[in-house]
Every structure is written in structure tokens, then in C-alpha cells.
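What follows is a short report on a single structure.
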There are 2 protein chains.
Amino acid sequence: MGTREQIVAAADRLFYEHGFEHTSFAAIAEAVRISRGNFYYHFKTKDEILAAVIASRVEATREMLRSWADESGDPAERIRLFIRIVVTNGPDIRAFGCPVGTLTAELAKLRHPSRPEATALFTLFRDWLGEQFTALGHETDADAMAMHVLTFSQGVATLANAFGDEDFVRREVDRLEAWLATC
Amino acid sequence: MGTREQIVAAADRLFYEHGFEHTSFAAIAEAVRISRGNFYYHFKTKDEILAAVIASRVEATREMLRSWADESGDPAERIRLFIRIVVTNGPDIRAFGCPVGTLTAELAKLRHPSRPEATALFTLFRDWLGEQFTALGHETDADAMAMHVLTFSQGVATLANAFGDEDFVRREVDRLEAWLATC
DNA sequence: TCACTCTTAGGACGGTCGTCCTAAAGGGGG
DNA sequence: CCCCCTTTAGGACGACCGTCCTAAGAGTGA
């Protein structure tokens, strides 16, 4: 893996664990074990590396959604795969929240120019979920149902992070899967 | 209003709008129109003022919950008052998210010592909602239902902040009120 | 071997941060 | 009127931030 990719990977993780603003150039450089000068060779500004991190997350998300589509032909099962992320990534979510939700919230408060790109990560999930609901025959309110599932995942992530309660996550997942079954 | 109270009020608002870390001593002092030296007379450290802001929010929340209890004797109607905060405070929530959710998320990433106190704000709502569900006759799963309502509000706040969509909020509120009616 | 480009290292810069100090202004009681 | 305690102002401090510069090392093709 090239230096640039290592920087993006380290920044991605540090932005997630400590937040964008709280993560310094020095911290990223130290994580990759390169000098700040070398860092500057690859990225001129902090905003530049944020843009690279977001682009990397977009690509990773696209890849994940594609793999879910491969994993199952049943749209309801695909939606369930999304619903269960909060269980699959339980430890990270309890420790740091949802990577998408916390980043968009932070960038909103910073009035950061890259905010729309971060929000686009939400749109990726929103559109994909909408497609699955459409495939289930809910053409007219597919988007509303997609947003409902997103609402669930963001609420669960925020409270799982606040309370660190694994059982709560399990209960809410069961509840939403029951709701999905009635659709 | 004394200087100290003005400082807490200004810091409260700035922490909400720009985040705790992004808000500097200088910014708060400027908002209150006092010198940084005067600021230091009232609060020695940034953590001290954060503690004061959280304490102030706890008191304000207690007062709000008390006023809701006065406003209606019906537990279901009281819960509805909570559910509708996302509408009542719509503009602020779309611009800055939920004050409790975004603060706890930020303090978690900063590993800040005051994190438990911020989480206690959630507990305030959680316990109050639990009491209302208990009064409705759901003793055994009152807490789970309270957490479900909190999940809703956090999810709605996060996505309202991301997409700025007022209609989405309305739809989710209607959905949860319908759920509440079936309880 | 030599020249050239890509990559790396390490320090300098101006600015802002949280913190702290000192001195003066304000204001009520003797 | 003067003393004393509270409150205010304003600047100094060391540390760290993002940014930028310069020079040396690494690798490649002629």
C-alpha cells in the first residue's frame, strides 16, 4: 500500500475515533510513521485530506452495497443486512458512534465546505434502501421507508454510543425487523 | 443577569452551534463582551465552563419536564410533547442537530472526563419517559419503550440536520405517534 | 556513472489556543 | 474619606496548530 493510501486509511480511522478537528497533521503522520514534511508532499491542506477520506468512504460504501446485493437476491434480506450493521459493527459504534452520522454532524457545526460530500454518504444508503423497498413493491413511499430505516440506524448508533448497551441494540434491531416483516 | 450566568448562556449556545472544541475562550468572551481576563476570573479552565454548561442544561431539562407534567395529566400526551420537540425546535435541530446527542458524541470522541455528566442528560429523558410508560401500564417494558422513543428522536435529529427536510420530520413524528396510540 | 524526477525528512513561520499574572476600577461599610 | 474585597481589563507565556520551505535520499533510464 502506497504512502498516500496509508495516510488516507490512518486519517479515516483517526477522524472516526477522535473527530476531524481533534485530529492533527502530526497525529496522522505519527500513525503512518512519516514526517510532517512528507505528509505535506501528498496533501497540501487538511481539507484536502478530508476530501480524500470522504471519497474513500464513498467508494468503500459503494463496494459494501454491491457485496450485499451479491449476497442476496431478496430485497428484504438486503435491507436486513443494513439493519444489522449496528450489531455487526457493535463495538466500534458503541465506542465512536456511526462514522457517517458523527462526521456530518461535526462538519455541520464547523460549517465545513465538504459537508455536502459527507451528506452524500447518507444519500448513498438512502437511495440503495429506496431501491430495495421499490423492489418490494412500495414504489410510492420507498424513500420514506428508506429514511425510516436510516432514522432507526442513526438513533440506535447515537444511544449505543451514549449508553454502551448491547441489549438495547438487539431489541431495537428485532423491533425494526418485525416492522419490516409487516411491509 | 450576572456575568457568570451570561458566560454560561453564551457558552451553551456556542457549544451547541459550533461544538465544544471549536468554541474558544476568546469567542465566548467576545459574545459576552468581556475581556479574557475577566473570563478567567469566573472560570479557570475550559472544562470548568463545560461542567457549568452541562449543569445548566440539566436544570433547564428538569424544569422543562416539570412543565410538561403540569401541562397535561395524561402520560400519553406528555410523551407526545416529547416526541414533538423535533418539530417545536425544528429550525435549531436542522441547523445544529440535537444538543444532547451532538454533545455526548463529541465528548465521547474527545474522551472527555465530563462525558458521564452529558450522558446523564439522556438519562433524565429516559427515566421521565419510563415513568410515563409505567403510568400507562407498561411496567415491565417501560424502559425499553422509553429508549425506543429516544432512538426515534436521535435518529430524526441527525437526519433532519443532514438533509434539512421538514417534511421528513413530520412523517416520522406521525409514525411514532401512531405507534404510541397502539400501546 | 550520471542526471533527473519522485519521495522523504526536518525544521521555520505566523497564528491561535488555553492558561496565568498583574494592576486598576468599582462599590459598599467603617 | 479611606480601606478592602470583588470584579474587570489587557497583555504575556508556552504549546500546538496548519502551512510552507529547503535539502537530502531513493529509484530509474540513458
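In what follows, chains are A, B, ... by sequence order, proteins preceding strands, each numbered from 1.
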Salt-bridge test for [X] and [Y]: reply yes if a basic N is under 4.0 Å from a carboxylate O, no otherwise.
{"X": "B/Arg66", "Y": "B/Glu63", "value": "yes"}
{"X": "A/Glu21", "Y": "A/Lys46", "value": "no"}
{"X": "B/Arg170", "Y": "B/Glu177", "value": "no"}

Which of these nucleotides, [options], is closest to any side-chain atom of [X]?
{"X": "A/Arg36", "options": "C/dT19, C/dA12, D/dT8", "answer": "C/dA12"}
{"X": "A/Ala26", "options": "D/dC17, D/dT8, D/dG18", "answer": "D/dC17"}
{"X": "B/Asn38", "options": "C/dA12, D/dG18, D/dT7", "answer": "D/dT7"}

How long is the line joining [atom1] of [X] and [atom2] of [N], in whole Å?
{"X": "B/Gln6", "N": "D/dT7", "atom1": "CD", "atom2": "C1'", "result": "14 Å"}
{"X": "A/Phe25", "N": "C/dA9", "atom1": "CZ", "atom2": "C1'", "result": "16 Å"}
{"X": "B/Lys44", "N": "C/dC20", "atom1": "NZ", "atom2": "P", "result": "9 Å"}
{"X": "B/Arg33", "N": "D/dT7", "atom1": "CZ", "atom2": "P", "result": "22 Å"}
{"X": "B/His42", "N": "C/dC20", "atom1": "NE2", "atom2": "C1'", "result": "16 Å"}
{"X": "B/His22", "N": "C/dC17", "atom1": "NE2", "atom2": "C1'", "result": "12 Å"}
{"X": "A/Asp47", "N": "D/dC17", "atom1": "CG", "atom2": "P", "result": "17 Å"}
{"X": "B/Leu14", "N": "C/dC17", "atom1": "CG", "atom2": "P", "result": "12 Å"}

When you measure from the side-chain N and O atoms of [X] to the phosphate of [N], is any distance below 4.0 Å, counting only OP1 and OP2?
{"X": "B/Ser24", "N": "C/dC17", "value": "yes"}
{"X": "B/Tyr41", "N": "D/dT7", "value": "yes"}
{"X": "A/Tyr40", "N": "D/dT19", "value": "no"}
{"X": "B/Thr45", "N": "C/dG18", "value": "no"}
{"X": "A/Thr3", "N": "C/dT8", "value": "yes"}

Judged by each residue's nearest nucleotide on DNA chain D, which is more toward the 5′ side, A/Lys46 or B/Gly37?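 The residue closer to the strand's 5' end, by nearest nucleotide, is B/Gly37.
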On the 0 to 90° scale, with breaks at 30° and 60°, tag the B/Phe20-B/His112 ring pair as parallel, tilted or perpendicular.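 Ring orientation, 0 to 90° scale: perpendicular.
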Less than 6.0 Å separating the ring centroids of A/Phe82 and A/Phe125?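 A/Phe82 vs A/Phe125: aromatic centres under 6.0 Å.
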